[in-house]
Amino acid sequence: MTPQKVAVLGTGKIGEALLSGMLRGGWSPSRLLVTARRPERAAELRERYGVEPVPNAEAAKSADTLILTPKPQDMAALLDELTPHVPAGRLVISGAAGITTGFIEQRLPEGTPVIRVMANTPALVDEAMSVISPGVHATETHLALADEIFGGVGKTLRLPESQQDAATALSGSGPAYFFFLVEAMTDAGIQLGLPRDKAHELIVQAAVGAATMLRDSGEHPVTLRENVTSPGGTTINAIRELENHRVRAAFIDAIEAARDRSRELGA
Ligand SMILES: NC(=O)C1=CN([C@@H]2O[C@H](COP(=O)(O)OP(=O)(O)OC[C@H]3O[C@@H](n4cnc5c(N)ncnc54)[C@H](OP(=O)(O)O)[C@@H]3O)[C@@H](O)[C@H]2O)C=CC1
Ligand SMILES: O=C(O)[C@@H]1CCC=N1
């Protein structure tokens, strides 16, 4: 079942990433609606993508699938605005961290199918990971529709909603950890006297090469890392320092903290 019309409500960074991916994937702008809180943002979206910005109520009435991408803190207000206008049977997909399908179901007409999705910004280059969980009224047909929409901007994975806060911490936030690592490694290059642009180029290519090997070689990351680590060589000196600074433990703590924040946002 392909939806006739999809609306993205609260079109900020992640909403725009999804919208641009849908257009790249061949969706006609006439089948897409967007909503924004500020007129200048609405104008920006119209100009960039040729899509029609509409009020939230109109999107709720005229699109058969509603994708809600406001910040979690703005979700309740958006739902209050939408609820009187959502006809029975609309599929509602939430892209917000922490917000549960139950939170949304309680505020929408009884029986509304709701799906929770945690995507990430590599949607901009069709390399997103979108983790998909159904609410109580979402059927396999609804899930297939979410797969179709989010599958257009990368991979999709279905997980039970009980694992969404963990997925948010790992995958939704995940690209930020890699960007942070690139920043830190570039600073190391500066410390060693390399020009910033050259250090950046070296690190980005190492990241792209390593990511491609992780995805395509079928090898375990430990094997890939051991293959770089020559006995008595340079890499083991760096690994020793990373272990001395408890970088592995820091990642575990950091991702646990992100998971906890996702839980708080949904509480
Ligand atoms: N950024 C990311 O990497 C990811 C974000 N997410 C989730 O996506 C959601 C959005 O995050 P992000 O895109 O970064 O945030 P943004 O602030 O960029 O986007 C949210 C947008 O929603 C708009 N908005 C808020 N309330 C309303 C309303 N009532 N009607 C219309 N528009 C409204 C905001 O308007 P205004 O501009 O006026 O504030 C803003 O443009 C969050 O829930 C987040 O958890 C999920 C995965 C990854
Ligand atoms: O930082 C955040 O809250 C959002 C959710 C996942 C990525 N960005």
Side-chain angles (χ1 to χ4, degrees), residues 13-14 17 71-73 94-103 116-125 127-133 150 154-192 199-200 202-231 233-267:
K13 284 182 282 297
I14 205 75
K71 289 201 174 66
Q73 295 88 337
S94 164
I99 300 290
T100 62
T101 55
F103 179 95
R116 176 169 167 186
V117 177
M118 180 45 54
N120 60 19
T121 55
L124 286 166
V125 292
E127 289 288 355
M129 174 55 86
S130 299
V131 178
I132 297 178
S133 309
F150 287 86
K155 294 190 176 192
T156 63
L157 180 71
R158 292 196 197 167
L159 283 177
E161 189 169 7
S162 58
Q163 293 173 1
Q164 272 282 6
D165 293 316
T168 298
L170 275 177
S171 169
S173 300
Y177 314 146
F178 289 103
F179 298 138
F180 181 84
L181 193 59
V182 169
E183 274 178 70
M185 290 173 73
T186 305
D187 279 349
I190 306 292
Q191 174 68 31
L192 302 186
H200 179 79
L202 293 177
I203 300 306
V204 169
Q205 183 56 23
V208 171
T212 307
M213 289 171 79
L214 281 165
R215 187 183 60 189
D216 298 344
S217 71
E219 295 285 356
H220 193 281
V222 170
T223 307
L224 295 174
R225 206 251 309 144
E226 284 176 354
N227 288 344
V228 186
T229 312
S230 308
T234 59
T235 314
I236 193 62
N237 268 23
I239 299 290
R240 185 195 61 211
E241 288 305 311
L242 292 172
E243 296 291 13
N244 280 345
H245 287 84
R246 302 183 71 248
V247 171
R248 187 184 301 261
F251 268 101
I252 294 172
D253 287 351
I255 291 172
E256 200 170 34
R259 187 276 316 269
D260 292 347
R261 181 61 184 148
S262 181
R263 282 182 179 165
E264 276 170 22
L265 287 167

For V222, is there any backbone N or O sitting under 3.5 Å from a side-chain donor or acceptor partner on H220? yes
Where do V204 and H200 land on the side chain to side chain contact (heavy atoms under 4.5 Å, CB included) test, with the steps shown first? CA-CA 6 Å; V204 169; H200 179 79; 3.5 Å; yes
Lys/Arg N to Asp/Glu carboxylate O, R261 vs E264, below 4.0 Å: yes
Going from CD1 on I239 to OG1 on T234, what distance comes out if it is rounded to the nearest 0.5 angstrom? 9.5 Å
Test your reading of the model: is there a side-chain donor-acceptor pair from T235 to the backbone of V228, 3.5 Å cut-off? yes
For T168 and A97, work out which heavy atoms get closest and say how close. CG2-CB, 3.9 Å
Around atom CD of E241, are there more than 12 heavy atoms of other residues, nucleotides or ligands at under 6.0 Å? yes
Apply side chain to side chain contact (heavy atoms under 4.5 Å, CB included) to I99 and L265, showing your working. CA-CA 7 Å; I99 300 290; L265 287 167; 5.8 Å; no
Heavy-atom side-chain proximity of I132 to L157 below 4.5 angstrom: no
One should read off an interatomic distance between E226 CD and I236 CD1, to the nearest 0.5 angstrom, of 9.5 Å
Side-chain contact, heavy-atom cut-off 4.5 Å: V131 with V117? no
To the nearest 0.5 Å, how far apart are CG in L202 and OG1 in T186? 9.0 Å
Over all atoms of both residues, closest heavy-atom pair of I255 and Y177: CG1-CE1, 3.7 Å
L214 and L224, any side-chain heavy atoms less than 4.5 Å apart: yes
Between E161 and T100, is there a side-chain donor-acceptor contact under 3.5 Å, judged purely by atom types and distance? no
Interatomic distance, S173 atom OG to N120 atom CG [nearest 0.5 angstrom]: 9.5 Å
What one should report as the nearest heavy-atom pair of L159 and A167 is CD1-CB, 4.2 Å
With a 3.5 Å distance limit and no angle check, can you tell me whether T229 reaches the backbone of R225 through a side-chain donor-acceptor pair? yes
Taking the basic N atoms (NZ, or NE/NH1/NH2) and the acidic carboxylate oxygens, is any pair closer than 4.0 Å for D165 and R116? yes
Are any of the side-chain heavy atoms of E219 and M213 separated by less than 4.5 Å? no
Side-chain heavy-atom pair R215, E127 within 4.5 angstrom cut-off: yes
For a quick test of reading the model, state the closest non-hydrogen atom pair linking A258 to A169 and the distance between them. CB-CB, 3.6 Å
Reference residue S133; test side chain to side chain contact (heavy atoms under 4.5 Å, CB included); the match among R158, M118, Q164: Q164
Can you give me the closest heavy-atom contact between P175 and P122, atom names plus distance? CG-CD, 3.6 Å
The reported gap from NE2 in H245 to CZ in R240 (rounded to nearest 0.5 angstrom) is 10.5 Å
